[in-house]
There are 2 protein chains.
Amino acid sequence: MQTQSAPLDLMFQALADPARRGMVARLCRGPASVSELAQPLTMSLPAVMQHLQVLEASGLVTSKKVGRVRTCRLEPKALGTAEQWLAERRASWERRLDRLGDFLAQQPK
Amino acid sequence: MQTQSAPLDLMFQALADPARRGMVARLCRGPASVSELAQPLTMSLPAVMQHLQVLEASGLVTSKKVGRVRTCRLEPKALGTAEQWLAERRASWERRLDRLGDFLAQQPK
């Protein structure tokens, strides 16, 4: 798990901002240009580019410039890594509840 | 979704640190005292308390002091909120793939 720490740090950090979560939500519906990502956000294009850099550093998003248009894409595998960490925690929690249930069932009435 | 922003900000921020993720992972296996949480971490007790404050502010963990022992507990519902956000994004992504598949299937061969 140690080697997974840094990617998870960057990924959860990237998701800790409503503008960046909005950009991820948009990219889940398909690739988009930076202008398209900026449209629903009330912020300057340089500010959007900064958020994009954070998302790219986390591995959640990739972008490619062709001509004057930079197109951004979601990396669903990266999003899956964050979801998997949470799912493993939930599984661990549910195993605990199962053990508690077994323990209580074994007690004399 | 706007009203959910602040809790998600704090929650993903809380999870963006390996020590705090370690504390959450430990608490998924059951309640623990601050000393028990600190044990596997190579940091001072005040540093652990600071991480605990971040986790409590996010709603992921609650703690209660009885006598001299502060016992920490996971709030699984809060962890579920973060997991749900990611699951909704994945669902949105998968719907997109389905639509792409349908589109391709309708094309003349």
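Chain letters run A, B, ... following the sequence lines, proteins first and then strands; every chain starts at 1.
Heavy-atom pairs under 4.5 Å with chain B were tallied for Ala91(A), Gly80(A), Gly30(A); the largest tally goes to Gly30(A). Of the residues considered (Gln13(B), Glu83(B), Arg29(B)), Glu83(B) shows the highest number of contacts with chain A, using heavy-atom pairs under 4.5 Å.
For chain B, no part of Leu97(A) is nearby; none of its heavy atoms comes within less than 4.5 Å. With a 4.5 Å cut-off on non-hydrogen atoms, Arg99(B) touches chain A through its side chain but not through its backbone.
Between Ser63(B) and Arg73(B) there is no side-chain heavy-atom pair separated by less than 4.5 Å. Side chains of His51(B) and Leu37(B) form no contact here, defined as non-hydrogen atoms less than 4.5 Å apart.
Between Asp17(B) and Ala19(B), the shortest heavy-atom contact is OD1-N, 2.8 Å.
For the pair Arg90(A) and Trp93(A), the cation-pi test (distance below 6.0 Å, angle within 45°) is failed.
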